[in-house]
Each structure stands twice: as C-alpha cells, then as structure tokens.
There are 2 protein chains.
Amino acid sequence: MPADRGQTAGRATISEVAAEAGVGRATAARTLGGYGHVSPELRKRVLEAAEKLGYRANALARSMSTGVSHTIGVIVADIGNPFFAGVVRGICDASRARGFDTIVLSTYEELDEEIAAMNVLIDKRVDGVVVASAALSGRDVGHVKEALKRGVPVVLVDRAVPSLDLDAVVIDNRDAAREAVERLIAAGHRRIGFVWGPPVPEPPATRRELLAAASRNLWTDGERLRGYLDALDDARIPFDPELVMVGRKVEERVTEEVARMLALPDRITALFCTETEAVTGALRALRAAGLSYPRDVALIGFDDSAWAAVMDPPLTMIEQPVHELGAKAAEVLLDIVRGAEPGRRIHTLRSRLIERSSVAPPPA
Amino acid sequence: MPADRGQTAGRATISEVAAEAGVGRATAARTLGGYGHVSPELRKRVLEAAEKLGYRANALARSMSTGVSHTIGVIVADIGNPFFAGVVRGICDASRARGFDTIVLSTYEELDEEIAAMNVLIDKRVDGVVVASAALSGRDVGHVKEALKRGVPVVLVDRAVPSLDLDAVVIDNRDAAREAVERLIAAGHRRIGFVWGPPVPEPPATRRELLAAASRNLWTDGERLRGYLDALDDARIPFDPELVMVGRKVEERVTEEVARMLALPDRITALFCTETEAVTGALRALRAAGLSYPRDVALIGFDDSAWAAVMDPPLTMIEQPVHELGAKAAEVLLDIVRGAEPGRRIHTLRSRLIERSSVAPPPA
DNA sequence: CTGTTAGCGCGTTCAG
DNA sequence: CTGAACGCGCTAACAG
C-alpha cells in the first residue's frame, strides 16, 4: 500500500516524471531545472510527462542542494504602518523583478522580536535580509553580527546603525528636519515645538540630556532632533526643553503634549512633527484648543500622503521616497547575494519638502 | 580539504553537534528537536555542544522530512495599500502567535500575477494560503483549485469568490454600502454619486449593463454597488448611470469623474466613495470646483483612517475591521492546517459607519 | 548527450 | 534509552 503521506495528491516528483518519460532522473532534472543539455527528443518526452503529471519543482529540496533559497527576509517595525508598507512594497517589487521572494516580519520596535525575527530568517536559510533596525548601541547588534557570521548578508534600510559597518539605504533625516525648521524660522517663528521625541518618562532638562536620551533610541528620531537643533542654532534661537515632546509615541500622547505646548505662557507658534501620527495628533490638539493653522500655528510634518494634500488648507510636508528606499535596499542586497563585495556605505536618497499652505508668519 | 561550500562559517549541523557531544546523531536530533526521550546526562552534553557550536536547526531540511514548513502564504493586491497592509498585519500577528511565518506576495489585481504567486507558494510548500483574490468567474479560479488539489488549504479574505466553495472572511460590503447611502438619503439627498465603479471604458447605459460589468470585476466593488442600488430602490430614487464613475481606478480619474458629476445640469449633492483614493480624489474635485462639504455636497467614504478624523470638518466614514479580518482569516486557515475540516462558509465581520460631520442636507 | 551515484540536513523506524 | 540506516526531492559530479 503506497504510503499516502499527507496529501500525495498531485505531488509528482522528478523521479516519477523521469519514469513516466522513460529516462533517468538526471535527464529529467536537467530539462526541468533548465540546466545542462538534453536532446530535443528526450526533452520533449520529459516536458510532456511533467505536464501530464502536473509536476512542480519542490523549492525546498532545490534549496537544500543548491544552498540558495531565492528568498530574502525583511524585518521592519510594523508592516501595518504606511511608511513601512511602502518600503516593503519597494523591496518586494525589486526583489521579485530579480526572481526573489520575500518574507516579512514585524518587530513593533521590540529588540527581542527583532532578534527572534533574525533567527527565523537564518533558520529558513534566506539568502539575505534587509532590516530597519531598532538597534543603536554596539551591544544591541549581536543578532546582526550573528547573521553576518553565518554568511547571511544584511543591508540596513531607513535607519543606519552607527556601530555597524554595513550598507544602509536612508534619507538625510537631519538635513530634512533642518530644512523644515528653517522654513518655519524664515516665516518668523521662534517658538517651534518638536513632536515625537524620545520616549523618556521625564522631560530632559538640558539639551545634553535630551541628546543622550535620543541616542538611546531610534536613529531617525535622533537625526531629526539634531536637524531641529541645527536650525535653531543657526538662527541663534535658544533651545527650550519645554518645546519637545517626550513620552510614548502614540497619537493620544501627541495630543496631550501639543496641548501643553499650546498652553505655555509663551506658547508655540509652529510645530514640527516627525511622523504621520504626530501630525494627526497635533491637528487634534489644535482643534481642541480652537486654534487653526496656519493662522494660529504653522505646521510641517514628515511623511507626505494623499490626505495631506487634500486637507484644508493643504499641509506642507516632507516626502520620503518610500518605494525607492525599499527598492534600492533590495538591489544593494541582491548585488551582494550575487557575489558583489558589500559596499559598507550609506546610500542617501533625497527627500523633498513639499510646500503647501500650512506655514504662515506667527500671529502678531 | 573540507569543501567550504558557500559560507560554511557558523553553519553547524546536527551531526557535528552529535560528534562534539560524543553521541549518535539521533540522540542529538531528539534533544534538539524536542521529541523522544534522552537521558539528562546526554541531553546536557548535547545542549552544551550545540551552544558551543552555535547550532541552529535548518528549517528547510526539517520541512523536507516532516512535510510541513510552518509558513503560510498571503496573496493580496498591494501590500503598500493601507487596507491590505492592515489585513496583512493581522495575518502576520495571528499566525506568528501560532508559530507560523508568513510570505506575502502582491498581485496588483493582475490575475496572471495571482497565478504566479500561487505557484511560488505551492513550490515553496507553504502549509496554506490566504488570498484576497481578484478572481470572480468559474474559469478564473483554476489556480486556487490547483492548490487545493495539491493539498494546500486556501482561505479567502476581504473578497468572497462565488464559484469557490471555501472559507472566506469578509465584511458585508453590500449592507455597509446600503447603510451609508441610506444615511445620505435620510439627509435629503437624491442625486448621489457612486465613486470607484467598474473599470469599463464606456459608461454603462443601463442598470443591467452596469451590474454585468461589475460582476466581471472585484467582488467588493460589485457588492458595494449593489448596496448603493438597494438603498436607491428602497427610496424609489431612479438610478442614473451618469452618477457612477467608470474608468481606471486612480485618484486622477476620480477627480475627473467627480468634476463631471458636479458639472451636470442636475448635479450631485452627495458622494459615496468606496475607497480611500476615491475620497481624496473627490475632495480634490470639490476644491477645484470651489465647493465645500458638507454644505455643497455631502460625503461618505470607505476605510476610515486617522486622517479622516482630523479633516475639517471630520469625515463620516465606514470603518473596516482590518486587523481582525486578517487575524480571523489566519486562524481559520491554521485550524484547517491543523486538521480541522474546512468550514466552507463565509465569516462576516462587522464594519461600522462612523458618523462625523461630512453629511448635511442638500443645498436649497 | 545520458544515466548512476553521492550528498544537502533532518526526522524516524528498527534493532541493540 | 541509544545509535545505525533510510528517505524526503533535488542538484551536481562522475562515468559511460
């Protein structure tokens, strides 16, 4: 009794095809695998047999002998986040164009999850991984080094990791932030709120403390904060710790913090929001306070979307090349997979400040 | 000379661990694989050896012998689309909770891509797949039947496929649409535009033609259109083919069509938008026409988001349980993977009409 | 050009 | 309780 293990139905193997065609396994394998040479005659017979049996190669078995899986892994914070969804789409498109499939894992900014995700990918023998890592310090990158040690190339996307000498595809967050804040300053603002800062419980008293807190968190956030400070410095505007948000990065928290900044004796007249949720949260706070933009407060945010353009007035936003970010990362990775030397350099893509109508001079 | 095939670095096999521990492969396999019984003594030695060598099981090899990959496949139109991104996140979360990983493929609504995607998943020997299929007619579902025949369970998400007797996790699109349009009618509207219809070149002259066109397209779109017609019928409002959009489903096209409806002698006073892009496109058209909502035209759209809530005025929207849609689909699928009988039934999740301020009576 | 044979790394009988 | 041996499906040397 032929062991009907699992569902053998329709599961033809290469040997069965060979038998059906009356040739050796290798001949069948060669024509079906598309390598080596086979006489047209036998080739035809094999193809017909395969067709008849509904043969489909077992990618697992193939990977076992070749050592390559034609699959790359992707680790991001949250596939449900529009920014990452766009990046992942870029990665998928670019890798599929090169014949690679993608397996995506979300970490929710949890380092433990990131480590677990990396292990899953290593175990599944992916040919490489692109990761938007939450790691920053030298001791947080063990899992990345582990992958590298095991011969799995890694490319960073969205976030560079200073302690890791790897290829990274990012935008110049610091510069983008500086440009946005400069735009606010040029409009006459001096009390500019920075929304979506480091998630520390206590507001840092000094600039040094703030920077220290930032350097313990997401790379992008730190860079954007530096850009904010750069612009302030250039304009000789004193840094005020009360104007930066701290706490959990959720919309509700943003709303609270912006409300606080709005209630200050010397209240903010402009807002720089470094995330989509920071923008919507800020908008909620404005409405609750009965204020409107750009009349009462000017506004610039990160991550443009169709919504930002249809707001009334439309929002001035920083647009990131999301798709390209992912596509480029995949390309760099796949070049390495195909034998290229890792470039170990930072690929910086251009972001763009899209000026619309949410910036005006401060109220008199 | 030990064949340094690829990067053998750090790639310890179970045999090497066994050798290091001085036991047979099987013993090492048993302790490392977590099955069978092993004496505490040997167990300890094996574990130490594994630790020392940095052993990690090869999931591919394991899948080869067990026949299961602990991976499910996901096929959606576009992972970059916020709706699908949310659904996929639900799928990933739920399946990871059960120890399954996910490989996601986008089809961009191209049936060929969907077929190719299914083949990739079959070849990779996933344990099951959840698909938001663009298929509708009986002859479009060959690839799904193929998967089934090969023993790969399939669950539908977001879109049911009438000709397929499978488990499906959806919302009641028809009812949701009807409720929204009823709301508009209750406010006094009779000229209600339907935005995001079937992508036919010519506007269907009759209701029958329209329905026929719809039945050749996305299931969700057809259902929403039926809900729209239901509401019209109940209120004895005659159907006017000029009030439904046709053409490519892109924001620019929406803007054109809405502009057209706005320019009609007996122009629309309300808009029902069945997609996010339909909403933003409609908003653009309104602005261009110098009209505002809800004063000049009332508006209800599908797929709520944080943006819709911060618009001024905030938008009345239909909220879909995106995460739950995905999570439920994954759960149903994994139950089947674990041996449960396919229920072959439609699981309908509740959507919700979130009333905000984009609906008002028509202008006098 | 073709068929035979030996792995890839792991799970799993089957003796010992 | 342990270890040797076989098989999963395929690729890749190696002969013929």
Side-chain angles (χ1 to χ4, degrees), chain A residues 2-8 10-46 50 53-70 122-125 127 150-151, chain B residues 2-8 10-46 50 53-70 122-125 127 150-151:
Chain A
D4 201 30
R5 63 167 56 238
Q7 289 83 355
T8 309
R11 233 91 159 173
T13 75
I14 214 167
S15 318
E16 293 169 5
V17 174
E20 174 74 25
V23 302
R25 313 166 191 281
T27 304
R30 274 190 281 260
T31 89
L32 264 14
Y35 60 95
H37 280 249
V38 179
S39 70
E41 162 61 17
L42 291 190
R43 178 182 182 70
K44 180 154 171 286
R45 269 163 54 196
V46 170
L53 268 43
Y55 171 80
R56 295 237 101 227
N58 182 329
L60 261 39
R62 180 169 286 172
S63 297
M64 284 241 37
S65 29
T66 60
V68 302
S69 59
H70 281 277
I122 290 176
D123 292 353
K124 282 212 190 323
R125 296 304 190 259
D127 297 331
R150 292 185 135 89
Chain B
D4 200 32
R5 64 167 54 241
Q7 290 82 356
T8 309
R11 232 91 159 174
T13 76
I14 214 165
S15 318
E16 292 170 4
V17 173
E20 174 74 25
V23 302
R25 313 165 192 282
T27 304
R30 275 190 281 259
T31 86
L32 263 15
Y35 59 94
H37 279 250
V38 179
S39 70
E41 163 61 14
L42 291 191
R43 177 182 183 70
K44 180 155 171 286
R45 271 164 49 196
V46 171
L53 268 43
Y55 171 79
R56 297 235 100 227
N58 182 330
L60 260 40
R62 181 169 287 172
S63 297
M64 282 238 39
S65 26
T66 60
V68 302
S69 60
H70 280 279
I122 290 175
D123 292 353
K124 282 213 189 326
R125 297 303 191 261
D127 297 331
R150 292 185 136 89

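So you know, we letter chains A, B, ... as the sequences are listed, proteins then strands, and number each from 1. The shown structure was predicted, so the numbers you read here are calculated from the model rather than taken from an experiment.
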Test A:V23 against A:V46 for side-chain contact (heavy atoms from CB on, under 4.5 Å), laying out the working first. CA-CA 8 Å; A:V23 302; A:V46 170; 3.9 Å; yes
Atom-pair distance ([atom1] on [X]; [atom2] on [N]), nearest Å:
{"X": "A:R43", "N": "C:dT2", "atom1": "CZ", "atom2": "C1'", "result": "15 Å"}
{"X": "A:H37", "N": "D:dA13", "atom1": "NE2", "atom2": "C1'", "result": "17 Å"}
{"X": "A:M64", "N": "D:dC8", "atom1": "CE", "atom2": "C1'", "result": "10 Å"}
{"X": "A:K124", "N": "C:dG9", "atom1": "NZ", "atom2": "P", "result": "18 Å"}
{"X": "B:K44", "N": "D:dC1", "atom1": "NZ", "atom2": "C1'", "result": "19 Å"}

If each end axis of the helix from C:dC1-D:dG16 to C:dG16-D:dC1 is fitted on five C1' pair positions, the angle between them, to 10 degrees, is 40°
Nearest heavy-atom neighbours spanning [X] and [Y]:
{"X": "B:S69", "Y": "B:D127", "result": "N-OD1, 2.9 Å"}
{"X": "A:I14", "Y": "A:A29", "result": "CD1-CA, 3.1 Å"}
{"X": "A:K124", "Y": "B:H70", "result": "NZ-O, 4.0 Å"}
{"X": "A:R25", "Y": "A:S15", "result": "NH1-OG, 2.9 Å"}

Does C:dC1 have its OP1 or OP2 closer than 4.0 Å to a side-chain nitrogen or oxygen of A:S39? no
Could you tell me whether the side chain of A:L32 reaches within less than 4.5 Å of the side chain of A:V17, counting heavy atoms only? yes
Going by heavy atoms in the side chains, are A:R150 and B:R56 under 4.5 Å from each other? yes
Let me have a per-nucleotide readout for nucleotides 10-16 of chain C, 5' to 3', with B, S or -, counting only protein heavy atoms under 4.0 Å. BSB----
Give A:L60 one of three labels, base, sugar-phosphate or nothing, depending on what nucleic acid heavy atoms sit under 4.0 Å from its own. nothing
Evaluate side-chain contact (heavy atoms from CB on, under 4.5 Å) for B:T31 paired with B:L42, printing each intermediate quantity in order. CA-CA 9 Å; B:T31 86; B:L42 291 191; over 6 Å; no
